[in-house]
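Only heavy atoms go into these numbers, but all of them, side chains included; no hydrogens, no water, no symmetry mates. Naming: A, B, ... by sequence-line order, numbering from 1 per chain.
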Number of protein chains: 2
Amino acid sequence: MLSNRVKELRARYGFTQSELGKQVDVTRQTIAFIEKGEFSPSITLALKLAKVLKVEVGDLFWLEEE
Amino acid sequence: MLSNRVKELRARYGFTQSELGKQVDVTRQTIAFIEKGEFSPSITLALKLAKVLKVEVGDLFWLEEE
DNA sequence: TTGAAATGTTAGGTTTACATTACATAATGT
DNA sequence: ACATTATGTAATGTAAACCTAACATTTCAA
């Protein structure tokens with residue numbers, strides 16, 4: 001099961017979903033879906049998000065047991 | 001543009017494409033496509049590959065300029 | 001208190017990741 | 001020489017990622 005800290009880190013930087021989406025070239029709905037864990041983004045998008053949020057990809061997304 | 005070291009690391013461990021695919025639950029064709037850079041896998045698959053190949057996701061897949 | 005901005009959410013459509021099947025070739029061992 | 005295994009590659013199908021558009025609700029500044 002995939003978990004992530006996108007919402008938490010986005011808040012830390014004070015970005016709106018729209019702003020973050022624009023920085024990584026996706027819509028705010030896509031950001032919302034990712035924050036809710038409703039789908040597993042591509043590694044390309046994950047890498048862009050990690051760069052903008054200044055963390056390692058593995059610290060932004062990780063797999064949990066179960 | 002997305003780059004990766006899957007083929008190199010797979011060789012290091014002596015895995016065939018089939019064996020690696022089986023360990024991360026995809027077909028050998030999917031591994032072949034990824035090695036050729038023909039698509040950007042999901043972060044879930046990228047995390048599984050990084051785990052099996054014993055590297056950080058960011059050291060297995062990265063974005064290059066251009 | 002009003003209105004804009006941010007978020008939640010849903011519906012319908014396009015694109016792409018990934019599966020299945022199949023065939024061809026190269027490499028290896030018997 | 002033959003069989004087996006690994007790889008390359010291509011066709012077709014499906015599921016999921018991602019888009020646009022829309023409307024409702026919450027939040028927050030004026």
> If every non-hydrogen atom of A:Glu56 is compared with every non-hydrogen atom of A:Ala50, which pair is closest and at what distance?
Replying inline: C-CB, 4.2 Å
>> Consider side-chain contact (heavy atoms from CB on, under 4.5 Å). Of A:Val55, A:Leu49, A:Val52, A:Asn4, which one does A:Leu9 pass it with?
In response: A:Val55
> Name the one of B:Leu45, B:Leu53, B:Thr30 that satisfies side-chain contact (heavy atoms from CB on, under 4.5 Å) with B:Val24?
Replying inline: B:Leu45
> Which letters describe nucleotides 11-23 of chain C, given B = protein heavy atom under 4.0 Å from base, S = only from sugar-phosphate, - = neither?
Replying inline: ------SSSBBB-
Tell me: [atom1] of [X] to [atom2] of [N], nearest whole Å?
| X | N | atom1 | atom2 | answer |
| --- | --- | --- | --- | --- |
| A:Gln17 | C:dA5 | CD | P | 16 Å |
| A:Lys22 | D:dC18 | NZ | C1' | 18 Å |
| B:Ile43 | D:dA16 | CD1 | C1' | 16 Å |
| A:Asn4 | D:dA17 | CG | P | 13 Å |
| A:Glu35 | D:dC18 | CD | C1' | 16 Å |
| B:Ile31 | D:dA6 | CD1 | C1' | 14 Å |
| B:Phe15 | D:dT7 | CZ | C1' | 18 Å |

[Y] backbone acceptor or donor facing [X] side chain under 3.5 Å:
| X | Y | answer |
| --- | --- | --- |
| A:Glu8 | A:Arg5 | no |
| A:Arg28 | A:Gly21 | no |
| A:Ser40 | B:Ser42 | no |

>> Please tell me if B:Lys36 has a side-chain N or O lying less than 4.0 Å from either OP1 or OP2 of D:dT7.
In response: no
> Hey, is the side chain of B:Lys7 poking within less than 4.0 Å of OP1 or OP2 on D:dG8, counting only N and O atoms?
Replying inline: yes
